[in-house]
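Down below is the structure, laid out as structure tokens.
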Amino acid sequence: MKLFIATTLLSAAAAFSPARTSTPLRSVTSLDASKCGNFDFDVIIVGCGVGGHGAALHSRAQDLTTAVFSGQDVGGTCVNRGCVPSKALLAASGRVREMRDSAHLSEFGIEVEGEVKYDRAGVAGHAKQLANKVKGNLEGSLVALGVDIVDGRGVLTGTAHEVKDENSGKVYTAKDIILAPGSIPFVPPGVTVDEKTVYTSDGALELNSVPEWVAIVGSGYIGLEFSDVYTALGSEVTFIEALPNIMPTFDREIAKLAERLLIRERPIDYRTGVFASEVTPGIPGEKPVTIKMIDANTKEHVETLEVDACMVATGRVPNTQNMGLEDSGIETQRGFVAVDEKMRVLTKHEDGEVVPNVWCIGDANGKMMLAHAASAQGISAIENIVGREHAVNHDAIPAACFTHPEIAMVGPTEEQAIERAEKEGWTLGKSQGSFRANSKALAELEGNGMAKVLYNKDTGKVVAVHIIGIHAADLIQECSNAVAAGTTVQELSMMVHTHPTLCEVLDEAFKGAVGMSAH
């Protein structure tokens with residue numbers, strides 16, 4: 001899932017933006033084109049999710065006149081229907097899980113009398129309130145820096161440098177155009193979504209009900225996080241996964257441990273190697289949701305489930321339809337826009353040519369469908385626009401799944417790293433650290449988990465790190481920085497980590513890579 005903190009961006013924007021006088025904010029009806037030559041703006045950004053917002057902030061920091069077509073969706077998926085509100089649901093449901101775990105609390109010497117209750121509407125309200133607050137912060141940062149916000153959805157006209165407001169029909173011009181339309185939930189054929197009993201993550205975040213039994217189609221980041229929410233609030237969960245393994249995109253060793261901690265110990269079961277070929281909505285309290293499953297290989301019917309609700313978490317697809325891409329000579333594959341390492345749009349994926357002054361960032365280019373990756377790509381695009389060549393190192397971008405405990409990673413899985421080492425001719429090294437031996441984790445009674453460091457034995461450079469354990473999402477940043485900077489395990493093994501802290505789990509792994517012991 002995608003994570004973004006608007007207040008941090010606001011502070012960063014203030015730090016890097018040019019000094020401004022107290023002149024009134026420019027409006028889109030009275031454009032100041034003095035710095036843009038014959039164009040209305042230096043940069044137009046189509047889409048205002050985390051990627052578009054990050055690009056806009058950096059554009060203004062370079063003193064470029066900038067407009068953003070928000071489509072009345074400032075913050076995009078992440079802020080309004082994704083990583084931000086989902087973290088609120090996970091935080092609230094996580095408190096419920098902790099307070100209901102009497103055995104765990106008793107080890108702290110704590111006893112809770114009576115039943116621990118929650119208000120479903122209150123939990124949902126917390127998520128909505130957080131999303132609105134962060135959205136307001138993002139919009140405020142754009143206004144403060146003098147970014148023009150056009151409420152309509154932007155579409156290309158087929159003429160270079162032009163973007164049309166789909167609502168008003170008005171055409172705006174810019175020297176450079178950045179496409180940042182984001183993505184929408186993918187709903188497989190045969191699945192009928194009513195966003196009440198059969199819903200995508202969009203509907204799930206509303207938390208209109210807590211079903212007694214919910215099926216989740218797909219066991220990736222989104223499905224795992226919602227299984228955490230639902231089981232904490234009292235639901236039973238069944239995963240339906242088309243691939244042979246549960247959690248198929250995760251490192252296999254981490255996935256096996258996650259299965260023990262996040263699935264086996266909870267009211268969760270799963271089916272693998274099957275498609276949900278037909279999903280029919282029900283009526284709450286009257287008629288169940290019907291899910292027909294077929295074998296992923298033979299396509300023969302294997303089982304029919306009747307559940308209270310079904311969440312469809314089968315990934316996302318680019319929100320690029322009806323954007324005028326074809327009129328501009330841009331071909332897509334499954335909606336994805338081809339780009340080069342500088343984020344310049346290509347006419348097609350195979351042997352495509354660069355489309356001058358058009359860029360694409362975020363989910364729409366498919367390189368890495370994460371909010372912070374989109375923001376990094378937006379900043380990179382602006383760097384290239386102003387003539388400072390830059391390419392994002394996607395191997396150094398971390399990702400996290402905010403279950404309890406959390407899972408985080410940077411770089412390839414061990415399986416992928418083995419293939420890469422064989423192909424490129426270097427030797428893969430592996431070292432591990434354990435939460436079970438960590439004083440801080442034991443103080444929290446959270447000793448389950450591990451950190452795995454994969455490195456190039458020939459150079460010592462860190463290739464990837466995978467963590468499952470308490471606060472893994474925070475711990476991974478040190479590892480991401482190491483990958484980005486090309487830091488070696490030899491260097492990391494000599495760096496001092498605060499005691500007692502969770503980051504000593506990583507210290508153990510770094511030291512182990514060079515034959516040292518951590519206390």
Side-chain angles (χ1 to χ4, degrees), residues 1 86 89-90 92-97 99-101 115-124 127 185 187-188 190-243 245-247 258-296 301-314 401 403-404:
M1 296 283 283
S86 66
L89 295 184
L90 284 159
S93 61
R95 298 294 190 280
V96 174
R97 187 190 300 280
M99 295 179 69
R100 285 180 171 177
D101 191 346
E115 182 184 357
V116 176
K117 299 180 180 180
Y118 66 88
D119 173 36
R120 179 200 56 77
V123 173
V187 178
V191 176
T192 302
V193 170
D194 63 357
E195 294 296 0
K196 295 178 182 177
T197 59
V198 179
Y199 42 77
T200 64
S201 55
D202 290 358
L205 285 164
E206 297 292 332
L207 201 67
N208 290 320
S209 67
V210 178
E212 185 175 337
W213 183 13
V214 56
I216 300 179
V217 183
S219 59
Y221 293 79
I222 298 172
L224 275 179
E225 288 190 353
F226 273 96
S227 76
D228 202 283
V229 171
Y230 282 127
T231 55
L233 298 181
S235 299
E236 295 182 5
V237 171
T238 296
F239 278 114
I240 299 173
E241 173 58 57
L243 293 174
N245 296 311
I246 198 80
M247 295 176 276
E259 182 179 347
R260 179 170 70 81
L261 298 177
L262 301 176
I263 294 180
R264 291 183 195 167
E265 296 183 2
R266 298 177 179 180
I268 300 176
D269 65 354
Y270 58 83
R271 315 286 193 273
T272 56
V274 294
F275 288 119
S277 61
E278 186 178 330
V279 180
T280 305
I283 300 173
E286 297 182 23
K287 178 183 174 184
V289 174
T290 303
I291 304 173
K292 294 182 180 179
M293 290 179 285
I294 60 173
D295 185 278
H301 178 265
V302 293
E303 187 180 0
T304 297
L305 287 181
E306 291 186 344
V307 296
D308 299 301
C310 177
M311 178 181 175
V312 182
T314 49
C401 184
T403 46
H404 297 83

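Keep in mind that what you see is a predicted model, and the values were worked out from it rather than measured.
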| message | One pair to check against side-chain contact (heavy atoms from CB on, under 4.5 Å): Leu89 and Val123. What are the steps and the verdict? | response | CA-CA 7 Å; Leu89 295 184; Val123 173; 3.8 Å; yes
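- Here Lys117 contributes atom NZ and Met99 contributes atom CE; the two are 13.0 Å apart, rounded to the nearest 0.5 Å.
- Legend: residues meeting side-chain contact (heavy atoms from CB on, under 4.5 Å) with Asp202, ordered by chain and number and at least two apart, are Arg81, Pro185, Glu195, Thr200.
- Here Ile294 contributes atom CD1 and His301 contributes atom NE2; the two are 9.5 Å apart, rounded to the nearest 0.5 Å.
- Within 6.0 Å of the CZ atom in Arg95, the count of heavy atoms belonging to other residues, nucleotides or ligands does not exceed 12.
- Partners of Ala242 by side-chain contact (heavy atoms from CB on, under 4.5 Å), not counting sequence neighbours, listed by chain and number: Phe275.
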| field | Check against side-chain contact (heavy atoms from CB on, under 4.5 Å), Val214 and Phe226 | value | CA-CA 10 Å; Val214 56; Phe226 273 96; over 6 Å; no
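- In this structure, the separation between CE on Met247 and OH on Tyr270 is 8.0 Å, given to the nearest 0.5 Å.
- Every side-chain contact (heavy atoms from CB on, under 4.5 Å) that Asp194 has, sequence neighbours left out, goes to Lys196, Thr197, Val198, Pro281.
- For the pair Thr314 (side chain) and Gly218 (backbone), a donor-acceptor distance under 3.5 Å is absent.
- Within the model, atoms OG1 of Thr403 and CD of Glu225 stand 7.0 Å from one another, a figure rounded to the nearest 0.5 Å.
- Scanning all heavy atoms of the two residues, the minimum distance from Ser201 to Ile222 falls at CB-CG2, 4.0 Å.
- Smallest separation of non-hydrogen atoms from Val279 and Val289: CG1-CG1, 4.0 Å.
- Among residues two or more places apart in sequence or in another chain, the salt bridge (Lys or Arg N to Asp or Glu O under 4.0 Å) test is passed with Glu303 by Arg271.
- Once rounded to the nearest 0.5 Å, the distance linking CZ of Arg264 with CD of Glu259 reads 4.5 Å.
- In this structure, CG in Leu224 is found 8.0 Å from CD1 in Ile216, a value given to the nearest 0.5 Å.
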Sequence neighbours excluded and cut-off under 3.5 Å, please list the side-chain donor-acceptor pairs for residues 228-241, or say none.
residue	atom	partner	partner atom	Å
Asp228	OD1	His404	ND1	2.8
Asp228	OD2	Arg266	NH1	2.8
Asp228	OD2	His404	N	2.8
Tyr230	OH	Tyr199	OH	2.8
Thr231	OG1	Arg97	NH2	2.9
Thr231	OG1	Ser227	O	2.8
Thr231	OG1	Asp228	O	3.4
Ser235	OG	Pro211	O	2.5
Thr238	OG1	Trp213	NE1	2.9
Thr238	OG1	Asp269	OD1	2.5
Glu241	OE1	Ser219	N	3.1
Glu241	OE1	Ser219	OG	2.7
Glu241	OE2	Leu243	N	3.1

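- Applying the salt bridge (charged side-chain N to carboxylate O under 4.0 Å, His left out) definition to pairs two or more places apart or across chains, those involving residues 205-218 are Lys128-Glu206.
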